[in-house]
Protein chains: 2
Amino acid sequence: MHNELETVFAKEGYRLTSPRRAVFDVLHGSESPLAIAVIIKACPDVDRVSIYRTLELFTRLGITEIIPFGWKQRYELTSPFKPHHHHLYCTNCGVLIDIHSQKLEQVVAAIAREQDFQPAAHKFEITGLCRHCQANIQ
Amino acid sequence: MHNELETVFAKEGYRLTSPRRAVFDVLHGSESPLAIAVIIKACPDVDRVSIYRTLELFTRLGITEIIPFGWKQRYELTSPFKPHHHHLYCTNCGVLIDIHSQKLEQVVAAIAREQDFQPAAHKFEITGLCRHCQANIQ
DNA sequence: TTCTTATTGCAAATTTGTTGCAATAATATG
DNA sequence: CATATTATTGCAACAAATTTGCAATAAGAA
Ligand SMILES: [Mn+2]
Ligand SMILES: [Mn+2]
Ligand SMILES: [Zn+2]
Ligand SMILES: [Zn+2]
């Protein structure tokens with residue numbers, strides 16, 4: 001899995017350093033997108049500043065993407081490091097449900113085509129109540 | 001237009017104060033979502049802290065929503081104060097294109113139904129290059 | 001008009017993000 | 001493997017953004 005990463009970095013002329021590996025590993029080990037504060041805590045040996053710089057670089061290179069998430073933003077690996085998908089977010093219990101919707105991807109393409117827009121990325125999120133929280137009437 | 005707002009506030013037991021009117025008017029007068037910093041500058045008579053508190057309240061009451069916007073977040077009025085829509089964002093020139101897509105709304109409903117999820121709101125954004133910036137090869 | 005209390009503004013603290021620069025370590029090369 | 005080159009790091013210091021506590025104010029009820 002680091003091979004892919006080495007390839008991207010080598011091609012672009014960047015160095016694969018230990019702080020960058022650490023941030024990558026934390027993201028790779030997580031089921032869900034992570035807030036910067038969480039990543040900082042998860043990499044106690046890496047300076048705060050390097051986390052910011054690393055996430056900026058990762059996002060610029062398309063290794064990570066910024067995910068809308070209630071009030072804050074979070075970071076998540078993108079394809080090919082994590083398959084492209086979106087989220088349903090329960091505002092009551094905080095649970096995240098991954099969704100892989102072919103229809104949604106088609107709509108993205110259709111909208112871009114109609115507007116003569118060249119899409120690079122897209123964000124999508126539904127917030128509301130999960131099955132469980134609907135039942136336990138909130 | 002303030003009538004609608006009065007109604008929401010009265011029903012919820014909140015007071016319609018001059019800081020809250022000011023923030024609402026700034027958002028209502030804007031074509032596009034606004035960053036907090038912009039709203040603060042646009043309301044010179046309102047204390048910074050009150051802007052934060054007001055936007056928190058508006059969002060909690062569903063009067064505004066947080067819009068993903070590159071690295072930062074922005075605020076925009078929701079329906080019925082502003083018709084529901086989404087954005088295409090050109091990462092080169094910063095232009096915003098409003099889109100009203102019936103297909104997208106249908107997909108949102110379909111996904112929620114499939115997952116037995118009760119949707120309250122959704123975010124959507126495509127980033128990429130607008131027609132103009134594609135031409136002036138970037 | 002008076003009363004009640006939600007809301008505001010201010011000051012201060014905290015948290016989050018940025019910058020400059022010398023020390024370090026990743027990679028290329030012999 | 002040893003050395004040279006230079007991208008990257010960590011640290012310190014700064015700057016900006018957001019939060020908190022509380023007394024003064026003003027919105028809405030009576
Ligand atoms: Mn996910
Ligand atoms: Mn808009
Ligand atoms: Zn839930
Ligand atoms: Zn453009």
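What you see below is based on every heavy atom in this structure, not just the backbone, and it leaves out hydrogens, waters and symmetry mates. A, B, ... follow the sequence lines: proteins, then strands. Residue 1 opens every chain.
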Q: Would you please name every residue forming a ring-ring contact (aromatic ring centres under 6.0 Å, His included) with A:Y75, sequence neighbours left out?
A: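 Not a single residue meets the ring-ring contact (aromatic ring centres under 6.0 Å, His included) criterion with A:Y75.
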
Q: By side-chain contact (heavy atoms from CB on, under 4.5 Å), which residues pair with A:R131, not counting sequence neighbours?
A: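 In terms of side-chain contact (heavy atoms from CB on, under 4.5 Å), with neighbours along the sequence ignored, A:R131 is linked to B:D116.
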
Q: Strictly below 4.0 Å, heavy-atom distances to any atom of DNA chain D: list the hits from residues 14-22 of chain A, or just say none.
A: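 Correct list: A:Y14, A:R15, A:T17, A:P19, A:R20.
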
Q: For DNA chain C, which nucleotides open and close the run of contacts to chain A, 5' to 3', at under 4.0 angstrom from a non-hydrogen atom?
A: C:dT16 to C:dT27

Q: Is there a residue in residues 41-53 of chain B whose heavy atoms reach under 4.0 Å of DNA chain D, and which residues are they?
A: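 Those residues are B:R48, B:V49, B:Y52, B:R53.
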
Q: Examine B:F58 and B:V8 and state if one hydrophobic cluster contains both, with Ile, Leu, Val, Met, Phe, Trp and Tyr joined whenever side-chain heavy atoms are less than 4.5 Å apart.
A: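 Per the 4.5 Å side-chain linkage, B:F58 and B:V8 are co-clustered.
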
Q: For a 4.5 angstrom cut-off between non-hydrogen side-chain atoms, does B:I36 reach B:I40?
A: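 B:I36 reaches B:I40 side chain to side chain.
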
Q: Could you list the residues that satisfy side-chain contact (heavy atoms from CB on, under 4.5 Å) with B:A35, not counting sequence neighbours?
A: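 Scan of B:A35 (side-chain contact (heavy atoms from CB on, under 4.5 Å), adjacent residues dropped) gives B:V38, B:R74.
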
Q: Apply side-chain contact (heavy atoms from CB on, under 4.5 Å) to A:P80 and list each qualifying residue two or more places apart in sequence or on a separate chain.
A: A:E4

Q: In sequence, state the C-alpha distance, the side-chain angles, and the governing distance for B:L55 and B:L27, and then conclude on side-chain contact (heavy atoms from CB on, under 4.5 Å).
A: CA-CA 11 Å; B:L55 288 172; B:L27 289 169; 4.3 Å; yes

Q: Between which residue ranges does DNA chain C form stems of three or more consecutive Watson-Crick or G-U wobble pairs, both distances under 3.5 Å?
A: C:1-30 with D:1-30

Q: Do any pairs count as a salt bridge (charged side-chain N to carboxylate O under 4.0 Å, His left out) and have a residue in residues 7-22 of chain B, sequence neighbours left out, and if so which ones?
A: none

Q: Mind checking what makes ring-ring contact (aromatic ring centres under 6.0 Å, His included) contact with B:F81, not counting sequence neighbours?
A: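 Expected list: B:F24.
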
Q: Please collect all salt bridge (charged side-chain N to carboxylate O under 4.0 Å, His left out) contacts where either partner lies in residues 49-72 of chain A, sequence neighbours excluded, each pair once.
A: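 Every pair satisfying salt bridge (charged side-chain N to carboxylate O under 4.0 Å, His left out) with a residue in residues 49-72 of chain A: A:E56-A:R60.
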
Q: Given that B:T54 and A:I40 both sit by DNA chain C, which one's nearest nucleotide is further toward the 5' end?
A: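 Looking at the nearest nucleotide for each, B:T54 comes out on the 5' side.
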
Q: By side-chain contact (heavy atoms from CB on, under 4.5 Å), which residues pair with B:V108, not counting sequence neighbours?
A: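 Residues passing side-chain contact (heavy atoms from CB on, under 4.5 Å) with B:V108: A:F124, A:I126, B:H122.
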
Q: Stepwise, does the side chain to side chain donor-acceptor pair (under 3.5 Å) test hold for B:T127 with B:T91?
A: CA-CA 6 Å; B:T127 56; B:T91 50; over 6 Å; no

